[in-house]
Protein chains: 4
Amino acid sequence: MSPRTTAQFEEIRLKSREKIILAAMELFSRQTYHNTSIADIAKEAGVSKGLIYNYFDTKEDIIKGIVEYMMAMGDRIMVESRNEDDPRQELREMIRQTFAFIEEQGHITRLMVPLALEIEQFSFINEIIEEKSKYYLGRLVTVLERMGYEDAEMEAWTLGLMLDGIPLDYSILGARLPIKKLEQYLYKKYNL
Amino acid sequence: MSPRTTAQFEEIRLKSREKIILAAMELFSRQTYHNTSIADIAKEAGVSKGLIYNYFDTKEDIIKGIVEYMMAMGDRIMVESRNEDDPRQELREMIRQTFAFIEEQGHITRLMVPLALEIEQFSFINEIIEEKSKYYLGRLVTVLERMGYEDAEMEAWTLGLMLDGIPLDYSILGARLPIKKLEQYLYKKYNL
Amino acid sequence: MSPRTTAQFEEIRLKSREKIILAAMELFSRQTYHNTSIADIAKEAGVSKGLIYNYFDTKEDIIKGIVEYMMAMGDRIMVESRNEDDPRQELREMIRQTFAFIEEQGHITRLMVPLALEIEQFSFINEIIEEKSKYYLGRLVTVLERMGYEDAEMEAWTLGLMLDGIPLDYSILGARLPIKKLEQYLYKKYNL
Amino acid sequence: MSPRTTAQFEEIRLKSREKIILAAMELFSRQTYHNTSIADIAKEAGVSKGLIYNYFDTKEDIIKGIVEYMMAMGDRIMVESRNEDDPRQELREMIRQTFAFIEEQGHITRLMVPLALEIEQFSFINEIIEEKSKYYLGRLVTVLERMGYEDAEMEAWTLGLMLDGIPLDYSILGARLPIKKLEQYLYKKYNL
DNA sequence: GATGAATGAGGGTTCATTCAT
DNA sequence: AATGAATGAACCCTCATTCAT
């Protein structure tokens, strides 16, 4: 009889929001942002069209929601794995995590890369990608320096580019990309 | 007043078709496939909307036209540069051409990469990319073998992935990607 | 903890209802009936959307509520000001009250005039206006007859029309309408 | 076989545009701007919804089109009727034209007055009304001065307001407003 | 009495595509 | 070959209204 408490409402809101975000992620990665209509998302989420606008001001806003959701969910590439004593160990861990991420969360890759390219206005995605890359590159440089590389910066770039190429090729070649063997090869190549 | 010859007609047709394709390329790379309307293309090409349907059955068909056009235009990454005597020279040439292509024809890169990801129905683009990659990879393997690399296949993959990563990063970082230095570094790294 | 008495409930009801009506009046006159949503009203009234439907069956119903509210509030144009002895005095009082109303309650004017025209279904507003006008006109006729006007009815019409023209011009011209001077001029013209 | 000439296209465009404007005028005056949908207009004009956007950028733009159309159609209140010799004759003509306009083109009145009040953003309608009023008032002042009125300006205001009141009352009372008798009464009152 | 999440019809607008000329 | 008026399906979004709590 009495109205729901604020906490109850909050929980309901979170659940609905999540349903919508998950549906949107699924569809965007399956069929592209532009080929997915609000009606599609609503149906996939089992929710009315109108409700979506209770949580997102605009269709593009849903993307922002997805990114936030993913960041909150873990953002697992970035798990810290510093190793003061052994730079080799640290580099190995960085590479391992990157491959693990691509394999385990391949759909995120397949979602974000196209999104970044598909929606030009969405500079904020590019900004996130750029910032992460810069941070990642910085760490690579440090580690490679400690490993004694002379031109550590350029070597970091080649490694970084290669790791960036993986999701791209992966989204085209899928299983034909020999990920496992590549990972092993990198360990060997860098003596890890 | 004399009726135009078949050849004249054919020439007119080719000219109009080219105008449309060039306009579409320009706009797709500037503003994305989905954000470009047939009306936009018509205006950019200085042609009526109706005429476009005289040459292309559908909007997506224009993409096919673009790809064909680009292939016909020279496909310059693929210029043969075999060098039976010196594999080093051949690899150097392959790398050089790749970088040259990215720099000179950056807009094509910025056009094709998004297109490949944006339009899922367009498996044929993926197929083209895949075929080219396979060919390119094959050549890399051969060259690296001749250069004495033990695991030439995996080394070719790393190099290929890296070269694929460049356009991706380039379309995000633009001038902040140190392309020139990267090219030089690769020459040094592979002793070319 | 003791249950509220019926009277207390009734008071609460009245208070909420009034809050809603005042909010709606404010917004309708500020931004038009059609540009004001139930959500806007709820926010302005500091009340939930649901509650509004506790007091009004429909959005249009709120208008009925506003009209009733205004009538109950005093209907101040219509304050009786009969003066058996001096028709001049009576006419002067009628004119004075009209001008006073327009000046003091300008927002009501700006609310009702558009409303009457905007919402055709709302014949009842037109009916009210019509009835008031007829009554007002009747009084004018009587007064003017007593003042000796030969064609009192037509003179009453001209005066009535003029007084109707004021809110209309007022809602367009605002302060550029020389209300004060007009009032004085009318007194002079009718020798009041 | 050959494409239509520019002139032919121009004629087609004018015709379609007019069909749409006439349909919109009809519906706006019958059921209010806000209660008329683009679909309604399309149906009334016997045209597709899409075509309307070939001629008007936006729904509000149609109003601008209507106003322009009406101005181009004649704007008949404003027919010059100067009479250097006899101000009485000139005033009589002004009043006559006003009444004629209201009677003959009542739908325009019923269209524009609500429109001006319904759409607040549409300052341009208000501006037109204001400008016309100022002009009209100015002429009234001049004429009344020549007729010897002492406070010609205020007298002009009362007359102007009254003439403004007519369309307002007319849109509410319709035929119950004794227009004919009012007109005659004014002639008599002003000795025309 | 009160809340706000949820619904769904409907509105404005866009745009690929057709077709008469 | 060429034009651009015309179509209509589809899309994003708004909002009055309902209802479980």
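The shown structure was predicted, so the numbers you read here are calculated from the model rather than taken from an experiment. Side chains are part of it too, since the values below use all heavy atoms of this structure and drop only hydrogens, waters and symmetry mates. Each chain gets a letter, A, B and so on, in the order the sequences are listed, and its residues count up from 1.
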Check: Do side-chain atoms of C:Ser16 reach the backbone of C:Arg13 as a donor and acceptor pair under 3.5 angstrom?
Finding: no
Check: At under 4.0 Å between heavy atoms, what does B:Phe56 touch on the DNA or RNA strands: base, sugar-phosphate, or nothing?
Finding: nothing
Margin query: Whole angstroms only, please: what is the CG-C1' distance between C:Leu27 and F:dC15?
Written below: 15 Å
Checklist line | Rounded distance in Å - CG (C:Asn54) to P (F:dT18) | finding: 12 Å
Margin query: Does either side chain, that of C:Thr58 or that of C:Asp61, offer a donor lying less than 3.5 Å from an acceptor on the other one?
Written below: no
Next item on the list: Using the closest heavy atom to pick a nucleotide of DNA chain E for each, name whichever of D:Thr36 or C:Ile52 lands nearer the 5' end.
Entry: C:Ile52
Check: D:Lys49 or A:Lys49: which one's nearest nucleotide on DNA chain F is closer to the 5' end?
Finding: D:Lys49
Next item on the list: Nearest whole angstrom, please: distance from the C1' of F:dA16 to the CG of C:Asp57.
Entry: 13 Å
Next item on the list: Return yes if the base of E:dA20 and the side-chain atoms of D:Arg4 contain a donor-acceptor N/O pair under 3.5 Å, otherwise no.
Entry: yes
Notebook entry, point to check: Is any side-chain N of the basic residue among A:Glu11 and A:Lys15 closer than 4.0 Å to the acidic one's carboxylate O?
Noted result: yes
Next item on the list: Scan A:Ile12 against the nucleic acid and name what it touches under 4.0 Å (heavy atoms): base, sugar-phosphate only, or nothing.
Entry: sugar-phosphate
Notebook entry, point to check: Would you say the side-chain atoms of D:Thr32 pair up with the backbone N or O of D:Asn35, donor to acceptor, closer than 3.5 Å?
Noted result: no
Note to self: How many whole angstroms separate atom CZ of D:Arg17 from atom C1' of F:dG4?
What the structure shows: 17 Å
Check: Roughly, in whole Å, what's the span from CZ in C:Phe9 to P in E:dG1?
Finding: 7 Å
Next item on the list: Could you tell me whether the phosphate oxygens of F:dA16, OP1 or OP2, come under 4.0 Å of any side-chain nitrogen or oxygen in C:Thr58?
Entry: no
Next item on the list: Look only at the side chain of C:Lys59 and the backbone of C:Thr36, and say whether a donor-acceptor pair between them is shorter than 3.5 Å.
Entry: yes
Notebook entry, point to check: When you check the phosphate oxygens OP1 and OP2 of E:dA2, does a side-chain N or O of C:Ser16 lie under 4.0 Å from one of them?
Noted result: yes
Next item on the list: Return no unless some side-chain N or O of D:Ser37 is found under 4.0 Å from OP1 or OP2 of E:dG10.
Entry: no
Check: With no hydrogens and no angle check, is any side-chain donor or acceptor of D:Asn54 less than 3.5 Å from a backbone partner on D:Leu51?
Finding: no
Item checked: Rounded distance in Å - CD1 (A:Ile38) to P (E:dT13) -> 19 Å
Next item on the list: Could you check C:Lys59 against D:Glu10 and say which one's nearest nucleotide on DNA chain F is further toward the 5' end?
Entry: D:Glu10
Notebook entry, point to check: Which nucleotide, in any strand shown, forms a Watson-Crick or G-U wobble pair with F:dA10, with both distances under 3.5 Å?
Noted result: E:dT13
Notebook entry, point to check: Contact class for D:Leu51 vs. all strands (heavy atom < 4.0 Å): base, sugar-phosphate, or nothing?
Noted result: base
Next item on the list: Both distances under 3.5 Å, Watson-Crick or G-U wobble: report the partner of F:dA1, or none.
Entry: none
Check: Just how far, in rounded Å, is P of E:dA16 from CG of B:Asn35?
Finding: 11 Å
Check: Does B:Tyr53 have a side-chain nitrogen or oxygen under 4.0 Å from the phosphate oxygens OP1 or OP2 of E:dT17?
Finding: yes
Notebook entry, point to check: Just how far, in rounded Å, is P of E:dG1 from CD1 of C:Ile20?
Noted result: 11 Å
Note to self: Reading DNA chain E from 5' onward, which residue's closest nucleotide shows up sooner: C:Val47 or B:Gly50?
What the structure shows: C:Val47
